[in-house]
Amino acid sequence: SQTIIDGDQSGSVVTFANGEDTAAVLSGFTITNGIGIYLESNRWGGGIYCSDSSPLITNCKIVGNEAPYGGGIALRYNAYATISECEFIDNFAHYEGGAIYVEYSDVSLESSIIRDNECIGAGTGVITFTQQTNSLIQNCIISNNIANSSGGGGIRLTATNSTLTVQACEITGNSAYYGGGVYFTGTSNLVLLENVTIANNIASNNGGAIFVNETMDVEMVNSILWDNQPNQIHIQNASSTVSASYSNIEGSYDGIGNL
């Protein structure tokens, strides 16, 4: 069984904020009962707070933490974390990033499970990227998460000049006001969806699978969008584009090789 590190509701359970590099490894722990480090008149990273550091976080369970920003983990100001084979379960954010909050930072999130997390604030988003990022989500299951007040039951990107690549992921059973599966907005951003299944997600307003706004470029390849409510794709602003190829999208969608 894993060793449990209990934060006793006194701050972030684990903090990387002293320039730690990739030699800093957090492996094989359960991180729980954190409420975030207090900085800039708010709390960040209920379970883990990372700033200006590049740790490897692997084989950990981040469970039952909360903070206004980043219930499970907050990555801020030139952080770059590799998160592999982890579980984010039952974390809660009051504003943004029920499980994961990324601000001016990059993350490689691999072979992990993000489920049953919640965010209720105006920004919401269970996995939230804001400001600027160049990040990867690969071989992950993102399921049964809730973003009550705004967009991004699974993933939320509200950034500028950023790239987000999502590969070989399942985004299922999530719910939000906009973008039950994913919500993408911002200026000059590129999102690549490759071999992704977005299914059985619900948006109270629009974009059951995908909601896109402002000047976004979303490119989807070999992916499945199915049984999302009330629709599969909603493009709010004509300056945004969603292209798809070799994909299976319920109700059909123009593109090379689409079913």
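We number each residue from 1, following the sequence as shown. All values below were derived from every heavy atom in this structure, side-chain atoms included, with hydrogens, water molecules and symmetry-related copies excluded. Just so it is clear, the model here is predicted, and its values are computed rather than measured.
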Enquirer: Quick one: do the Asn33 and Asn65 side chains pair a donor with an acceptor below 3.5 Å?
Expert: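 Looking only at side-chain atoms, Asn65 and Asn33 do not form any donor-acceptor pair under 3.5 Å.
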Enquirer: Check step by step if side chain to side chain contact (heavy atoms under 4.5 Å, CB included) holds for Asn139 and Cys169.
Expert: CA-CA 5 Å; Asn139 295 317; Cys169 291; 5.9 Å; no
Enquirer: Test Asn200 against Thr172 for side-chain hydrogen bond (donor to acceptor under 3.5 Å, both in side chains), laying out the working first.
Expert: CA-CA 6 Å; Asn200 300 304; Thr172 61; over 6 Å; no
Enquirer: On a heavy-atom basis, which atom in Ala176 and which in Gly152 lie closest, and how many Å separate them?
Expert: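 Distance-wise, the nearest heavy atoms are CB-N, 3.7 Å.
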Enquirer: Applying side chain to side chain contact (heavy atoms under 4.5 Å, CB included) to Arg76 and Glu40, what does each step give before you reach the verdict?
Expert: CA-CA 12 Å; Arg76 306 181 71 216; Glu40 301 166 22; 3.1 Å; yes
Enquirer: Looking at Gly70 and Ala93, what are the two nearest heavy atoms and their distance?
Expert: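 Residues Gly70 and Ala93, closest heavy atoms: N-CB, 4.3 Å.
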Enquirer: Main chain of Ile141, side chain of Ser143: is a donor-acceptor contact present, judged purely on distance under 3.5 Å?
Expert: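 Flag not set: sc Ser143 to bb Ile141 has no pair under 3.5 Å.
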Enquirer: Can you confirm whether Val166 sits close enough to Leu192 that some side-chain heavy atom of one is under 4.5 Å from a side-chain heavy atom of the other?
Expert: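 No - every pair of side-chain heavy atoms lies 4.5 Å or more apart.
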Enquirer: Walk me through it: do Lys61 and Glu85 pass the test salt bridge (Lys or Arg N to Asp or Glu O under 4.0 Å)?
Expert: CA-CA 9 Å; Lys61 294 182 179 179; Glu85 298 182 315; over 6 Å; no
Enquirer: Could you tell me if the side chain of Arg156 sits less than 4.5 Å from the side chain of Val182, heavy atoms only?
Expert: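 Sidechains of Arg156 and Val182: no contact.
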Enquirer: Does the Asn189 side chain pair with the main chain of Met216, one donor and one acceptor, at a distance under 3.5 Å?
Expert: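 No; judged by distance alone, with no hydrogens or angles, the pair does not exist.
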Enquirer: Run Val13 and Thr32 through side chain to side chain contact (heavy atoms under 4.5 Å, CB included) and show every step you take.
Expert: CA-CA 7 Å; Val13 183; Thr32 191; over 6 Å; no
Enquirer: Between Ser105 (side chain only) and Ala79 (backbone N and O only), is there a donor and an acceptor less than 3.5 Å apart?
Expert: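 Yes; at least one donor-acceptor contact below 3.5 Å.
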Enquirer: Backbone N or O of Ser10 within a donor-acceptor pair of the Asp8 side chain at under 3.5 Å?
Expert: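 A pair under 3.5 Å: no.
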Enquirer: With a 3.5 Å distance limit and no angle check, can you tell me whether Gln2 reaches the backbone of Asn59 through a side-chain donor-acceptor pair?
Expert: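 Checked: pair present.
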Enquirer: Checking the side chain of Thr128 only, and the main-chain atoms of Gly125 only, is there a donor and an acceptor separated by less than 3.5 Å?
Expert: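 At least one qualifying donor-acceptor pair exists.
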Enquirer: Quick check on Leu259: does its CG atom have over 12 non-hydrogen neighbours (other residues, nucleotides or ligands) under 6.0 Å away?
Expert: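 It does: Leu259 CG has more than 12 such atoms within range.
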Enquirer: Which heavy atom of Ser53 sits nearest to which heavy atom of Asn18, and what is that distance?
Expert: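 Answer, listing the atom of Ser53 first, then Asn18: OG-N, 3.7 Å.
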Enquirer: If you group Ile, Leu, Val, Met, Phe, Trp and Tyr by side-chain heavy-atom gaps below 4.5 Å, do Ile137 and Tyr104 land in one group?
Expert: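 As far as the 4.5 Å side-chain criterion goes, Tyr104 and Ile137 are not connected within one cluster.
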Enquirer: Determine, stepwise, if the pair Thr165 / Leu190 fulfils side chain to side chain contact (heavy atoms under 4.5 Å, CB included).
Expert: CA-CA 8 Å; Thr165 301; Leu190 172 63; over 6 Å; no
Enquirer: For the residue pair Ile233 and Met220, establish whether any side-chain heavy-atom pair is separated by less than 4.5 Å.
Expert: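 Result yes, sub-4.5 Å side-chain heavy-atom pair found.
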Enquirer: Taking the side chain as everything from C-beta on, heavy atoms only, tell me whether Val126 gets closer than 4.5 Å to Ile114.
Expert: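 Heavy-atom side-chain distance check passes, below 4.5 Å.
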Enquirer: List the atom of Ser111, the atom of Cys140, and the distance in Å for their closest heavy-atom pair.
Expert: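 Scanning both residues completely, I find the closest heavy atoms to be N-SG, 3.8 Å.
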Enquirer: Out of curiosity, Asn201 CG to Asn144 CG, how far, rounded to the nearest 0.5 Å?
Expert: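 The distance works out to 9.5 Å.
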Enquirer: With Phe16, which of Asp21, Ile73, Asp52, Leu26 fulfils side-chain contact (heavy atoms from CB on, under 4.5 Å)?
Expert: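 Only one of Asp21, Ile73, Asp52, Leu26 forms a side-chain contact (heavy atoms from CB on, under 4.5 Å) with Phe16, namely Leu26.
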Enquirer: Grouping I, L, V, M, F, W and Y whenever their side-chain heavy atoms are under 4.5 Å apart, do Phe184 and Val242 come out in a common cluster?
Expert: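 The answer is yes; both residues are in one hydrophobic cluster.
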Enquirer: When clusters are formed by joining ILVMFWY residues with side-chain heavy atoms under 4.5 Å apart, either directly or through shared neighbours, do Leu225 and Phe211 land in the same one?
Expert: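 Different hydrophobic clusters.
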Enquirer: Say whether, by atom type as modelled, one donor and one acceptor occur between the side chain of Ser54 and the main chain of Thr22 under 3.5 angstrom.
Expert: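 A pair under 3.5 Å: no.
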Enquirer: Can Thr241 and Asp217 be counted as having a side-chain donor-acceptor contact under 3.5 angstrom?
Expert: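 Yes - a donor-acceptor pair under 3.5 Å links their side chains.
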Enquirer: Do Asn78 and Tyr80 have side-chain heavy atoms sitting under 4.5 Å apart?
Expert: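 Side chain of Asn78 against side chain of Tyr80, heavy atoms only: no contact under 4.5 Å found.
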Enquirer: Thr215 and Thr187: which non-hydrogen atoms are nearest, and at how many Å?
Expert: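 Thr215 and Thr187 have their closest heavy atoms at OG1-CA, 3.1 Å.
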Enquirer: Short question: side chain of Thr130, backbone of Glu103 - any donor-acceptor pair under 3.5 Å?
Expert: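 No; zero donor-acceptor contacts below 3.5 Å.
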Enquirer: With rounding to the nearest 0.5 Å, note down the distance linking CD in Gln232 to OH in Tyr253.
Expert: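 So the CD of Gln232 and the OH of Tyr253 are separated by 11.5 Å.
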Enquirer: Got a second to check how far Ile210's CD1 is from Asn231's CG, nearest 0.5 Å?
Expert: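 If we round to the nearest 0.5 Å, Ile210:CD1 and Asn231:CG are 10.5 Å apart.
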Enquirer: Got Ile100 and Phe129 here, is their nearest side-chain heavy-atom distance under 4.5 Å?
Expert: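 Sidechains of Phe129 and Ile100: no contact.
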Enquirer: Hey, does the side chain of Asn42 reach the backbone of Pro68 with a donor-acceptor pair shorter than 3.5 angstrom?
Expert: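 Not confirmed, Asn42 side chain does not pair with Pro68 backbone.
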Enquirer: Just how far is it from atom CD of Glu96 to atom OH of Tyr101, taken to the nearest 0.5 Å?
Expert: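 Output value for this atom pair is 5.0 Å.
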Enquirer: May I ask you to decide if the ring planes of Tyr69 and Tyr95 are parallel, tilted or perpendicular, using 30° and 60° as cut-offs?
Expert: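 Tilted, since the angle between the ring planes falls between 30° and 60°.
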Enquirer: So, taking the atom named OH in Tyr246 and the one named CD in Glu194, what distance separates them when rounded to the nearest 0.5 Å?
Expert: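 CD of Glu194 is found 14.0 Å from OH of Tyr246.
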Enquirer: Is any side-chain heavy atom of Ile127 closer than 4.5 Å to one of Asn117?
Expert: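 No. Closest side-chain heavy atoms not under 4.5 Å.
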Enquirer: Between the side chains of Thr160 and Gln132, is a donor N or O closer than 3.5 angstrom to an acceptor N or O?
Expert: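 No, no side-chain donor-acceptor pair sits under 3.5 Å.
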Enquirer: If we ignore hydrogens and angles and just use 3.5 Å, is the side chain of Asp106 paired with the main-chain N or O of Asn134 as donor and acceptor?
Expert: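 Answer holds: yes.
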Enquirer: Indicate, with yes or no, if Ile113 and Phe29 share a hydrophobic cluster defined by side-chain heavy-atom contacts under 4.5 Å among Ile, Leu, Val, Met, Phe, Trp and Tyr.
Expert: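 They do not share one cluster, since no chain of ILVMFWY contacts under 4.5 Å joins Phe29 to Ile113.
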Enquirer: Would you name the heavy atoms of Ile142 and Asn174 that are closest together and state the gap between them?
Expert: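 In this case the closest contact between Ile142 and Asn174 is O-ND2, 3.1 Å.
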Enquirer: Can the ring centres of Tyr49 and Trp44 be said to be less than 6.0 Å apart?
Expert: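 No, the ring centres sit 6.0 Å or more apart.
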Enquirer: Can a donor-acceptor pair be found between the side chains of Thr133 and Ser135 at a distance below 3.5 Å?
Expert: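 A pair is found: one side chain offers a donor N or O, the other an acceptor, under 3.5 Å apart.
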Enquirer: Glu110 and Gln138: side-chain donor and acceptor closer than 3.5 Å?
Expert: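 Not at all, the side chains of Glu110 and Gln138 share no donor-acceptor pair under 3.5 Å.
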Enquirer: Nearest 0.5 Å, what's the CD1-CG distance between Ile120 and Asn148?
Expert: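 Separation between the atoms: 7.0 Å.
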Enquirer: Pick out which of Ile37, Ile35, Ile48 makes a side-chain contact (heavy atoms from CB on, under 4.5 Å) with Ser12.
Expert: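 Result: among Ile37, Ile35, Ile48, Ile37 is the only option passing the side-chain contact (heavy atoms from CB on, under 4.5 Å) with Ser12.
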Enquirer: Which class fits the ring pair Tyr183 and Tyr178: parallel under 30°, tilted 30 to 60°, perpendicular over 60°?
Expert: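 Because their plane-to-plane angle lies in the 30° to 60° range, the rings of Tyr183 and Tyr178 count as tilted.
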Enquirer: Would you say Trp226 and Ile198 are hydrophobically clustered, going by side-chain heavy atoms of ILVMFWY under 4.5 Å?
Expert: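 Different hydrophobic clusters.
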Enquirer: With a 4.5 Å limit on heavy-atom distance, are the side chains of Ile171 and Thr197 in contact?
Expert: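 No; the side chains remain at least 4.5 Å from each other.
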